[in-house]
Protein chains: 2
Amino acid sequence: MLSKRQLLILQVIIDEFIKTAQPIGSRAISKKEEVTFSPATIRNEMADLEEMGFLEKTHSSSGRIPSEKGYRFYVDHLLNPVHLSTEDRHVISSVFDRDMVEFEQVIQNSVSMLSDLTNYTSIILGPEVYETTLKQLQIIHLSTTTAVAILVTSSGHVEHRSFTIPQAINPHDLEKLVNILNERLVGVPIIHLDKRLKQELTHILDHYIQDINTAFNYLKGALLDQQPTNIYVGGITNMLLQPEFNDVAKIHSLYSVIEKEDIMANILRSEDRGIHISIGHENQMIEMSDCSLITATYSLKGNQYGTIALLGPKRMEYSRVVALLNALSGQMTNTFHNW
Amino acid sequence: MLSKRQLLILQVIIDEFIKTAQPIGSRAISKKEEVTFSPATIRNEMADLEEMGFLEKTHSSSGRIPSEKGYRFYVDHLLNPVHLSTEDRHVISSVFDRDMVEFEQVIQNSVSMLSDLTNYTSIILGPEVYETTLKQLQIIHLSTTTAVAILVTSSGHVEHRSFTIPQAINPHDLEKLVNILNERLVGVPIIHLDKRLKQELTHILDHYIQDINTAFNYLKGALLDQQPTNIYVGGITNMLLQPEFNDVAKIHSLYSVIEKEDIMANILRSEDRGIHISIGHENQMIEMSDCSLITATYSLKGNQYGTIALLGPKRMEYSRVVALLNALSGQMTNTFHNW
DNA sequence: AATTAGCACTCGAAAGAGGTGAGTGCTAAC
DNA sequence: GTTAGCACTCACCTCTTTCGAGTGCTAATT
């Protein structure tokens, strides 16, 4: 168990290191006004804290920096729930005061606001579509041989894809097919669409369509093949401002992960509801082991939810970020529920 | 006027520097088999070339590196039109052999192919929409108070936006309005849509709609307000691999420009048809003064055209890049014309 | 018994010194 | 006109030295 004094010292060290990114020495700590004891005492305590694994030295005679265990303890026990500064709150509400009517607009604005506010990289994962249903299926002919298929979901998401109509398919048949599908598939959850599409098609096979398989494959290809990348990233270059990343090799390996949307989406998706913090090697990707990732979830109507996250150095402003994410996720949830 | 020998030396230096990024000395040049004269002679010629501004030294006793004027001369006069290597040609055609039916698909594939092939950053600007016309306008109701407006262009582009239907507007009126607009506006070029929309609306004002202005503003907001970002970037992290950019400050200032889509779009848009090369300070943005930008245009049916570009260090593989861009722009043009 | 002053010690960072080698410019010989 | 020869330059490397901020330990103080 840590003594009260040890807690105080740990807190001061981490707070200070978050600000300066420099190892903290005993003298610097003793100058803090909330600290009443001498450097020598602090040195003893620091030695103990290091032995327990909460602190590290960069070299044998340097000041201390927090270890990952130290950060973990800090976020678990020392994070007094700081209230948002009025400026922060102001910025957030000014964004949400605007009349935003589109989902992507909210996300985009939130992403850039978050990264501007924090100087970290912000990542937002759109909601999972479990409960979204098909609203309308539509084919619009562009010419005799090309058309664009449009799929609208109950959440207002629009997916589209143009394709060439193969010779084997009679355009008229295609239209009939779409009509029938609309009749039967509207209201079906998107994730079941694939299965239902096949069902319905075999059902009505004989009646209308000559070459059902070709038509099906085309429709399917047009509508369901491409996994929509549901992820929004802002302030990637902010990482370049952090002193821990002024090494091109580090930046490169980090960027190569952030760039991979499917990987990032998976990471964010795997987090629980509420706030979650991954510090250094707690992250799934080794490339992110110099970073911390803080995630929060927002929700839409009908139990759908998405994730907002901030990626920064391990030395993040945890309390402020947590407060920001809380506020933002609240605002987003609010906005979406009012639609 | 440059002597034949000077031309040869200049060429060798630039070719070599492009490969190695190291200053080239007289001894190294004399070892090239096409060079028959001694280091001393070469030193004299190099001194002349430097005096004329084609070469530079990094310090008083270093080898020479090309100046921007040197590069300019090189691309203007020394670029023997190298044919594409069979591998390069193979990669390009393998991408275009796939059946690509959607515009964005072609662009996306091209962008990533270009950056993979060259290790530079590739940027593609979608075509200007001068001659694209409205194919269909559509409103799909999601609930009693929300709807998504969809606009399909003759080129297969789909623009969409969800919005809340304000109380002031009778949903039925909205539908009528859309029907009428469809009747009258299909075939109108997108860039005139704004004007024509207003015209038509005032025209039919009395007959159908009660609160025309609100409806108009909503429709306009839904469809025309947001400028679609028409720009695709690939391989940004490739810049990190170039030795001239292993300085975080440089990377940061460069990335901050590339990130601004509107700026990049403007730069690309301003280039002429055909191949164009901007070297170092010839670039519009000072942040890009360590870079060269090579642009080429591709065309769609009906005089629309777009731009493909590669951004790399000044020390780019000009001849290969020009050949690549030529081939790619040809392939793209071809593909689009066949649709 | 806990705290603190004092002091020797450690180590990185910065600054300086010397050596090396790849390069140059110039001059004189070919 | 070309080239060999040579003195010179300068970045880069390595090796020292110095400096200071920090430590750990011991002994004195409270």
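In what follows, chains carry the letters A, B, and so on, assigned in the order in which the sequence lines appear, proteins first and then strands, with residues in each chain numbered from 1.
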What is the distance, rounded to the nearest whole Å, between atom [atom1] of [X] and atom [atom2] of [N]?
X	N	atom1	atom2	result
A:Glu51	D:dC25	CD	C1'	15 Å
A:Leu49	D:dG24	CG	P	12 Å
A:Asp48	D:dC25	CG	P	11 Å
A:Ile65	D:dA21	CD1	C1'	16 Å
B:Ile13	C:dT24	CD1	C1'	13 Å
B:Ile9	C:dG23	CD1	P	15 Å

If you look at every heavy atom in [X] and [Y], which pair is closest and at what distance?
X	Y	answer
B:Ile275	B:Val322	CD1-O, 4.0 Å
A:Ile258	A:Ile236	CD1-CG2, 4.4 Å
A:Met288	A:Leu254	CG-CD1, 3.8 Å

Interatomic spacing from NE2 in A:His252 to CD in A:Glu259 - rounded to 0.5 Å: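 The CD atom of A:Glu259 is 7.5 Å from NE2 of A:His252, to the nearest 0.5 Å.
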
Distance in Å, A:Thr295 OG1 paired with A:Asp272 CG, rounded so as to fall on 0.5 Å steps: 8.0 Å

Other residues, nucleotides, ligands: >12 heavy atoms within 6.0 Å of A:Arg27 CZ: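 Atom CZ in A:Arg27 is not packed in, count stays at 12 or less.
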
Side-chain heavy atoms of B:Asp76 within contact of B:Ile277, under 4.5 Å: no

Candidate list B:Arg315, B:Lys32, B:Arg64, test salt bridge (Lys or Arg N to Asp or Glu O under 4.0 Å), partner B:Glu16, passing option: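 Only one option passes, and that is B:Lys32.
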
Distance below 4.0 Å between A:Arg64 side-chain N/O and D:dA21 OP1 or OP2: no

Under-4.0 Å side-chain N/O to phosphate OP1/OP2 contact, A:Lys57 with C:dG12: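 No.
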
Selection: residues 22-46 of chain A, any non-hydrogen atom under 4.0 Å of DNA chain C: A:Phe37, A:Ser38, A:Ala40, A:Thr41, A:Arg43, A:Asn44

The helix from C:dA1-D:dT30 to C:dC30-D:dG1: angle between end helix axes, five pairs per end, rounded to 10 degrees: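 Terminal axis comparison yields 20°.
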
Sequence-aligned protein contact record of nucleotides 9-20 of chain D, with B where the base is within under 4.0 Å of a protein heavy atom and S where only the sugar-phosphate is: BBS---------

Plane angle bin for B:Tyr71 and B:Tyr318 - parallel if under 30°, tilted between 30 and 60°, otherwise perpendicular: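 Geometry flag for B:Tyr71 against B:Tyr318: tilted rings.
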
Side-chain donor or acceptor of A:Ser122 paired with backbone N/O of A:Val111 under 3.5 Å: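 Side chain of A:Ser122 to backbone of A:Val111, a donor-acceptor pair under 3.5 Å: yes, one is there.
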
side-chain contact (heavy atoms from CB on, under 4.5 Å) between B:Tyr120 and B:Leu311, worked out: CA-CA 6 Å; B:Tyr120 302 133; B:Leu311 181 71; over 6 Å; no

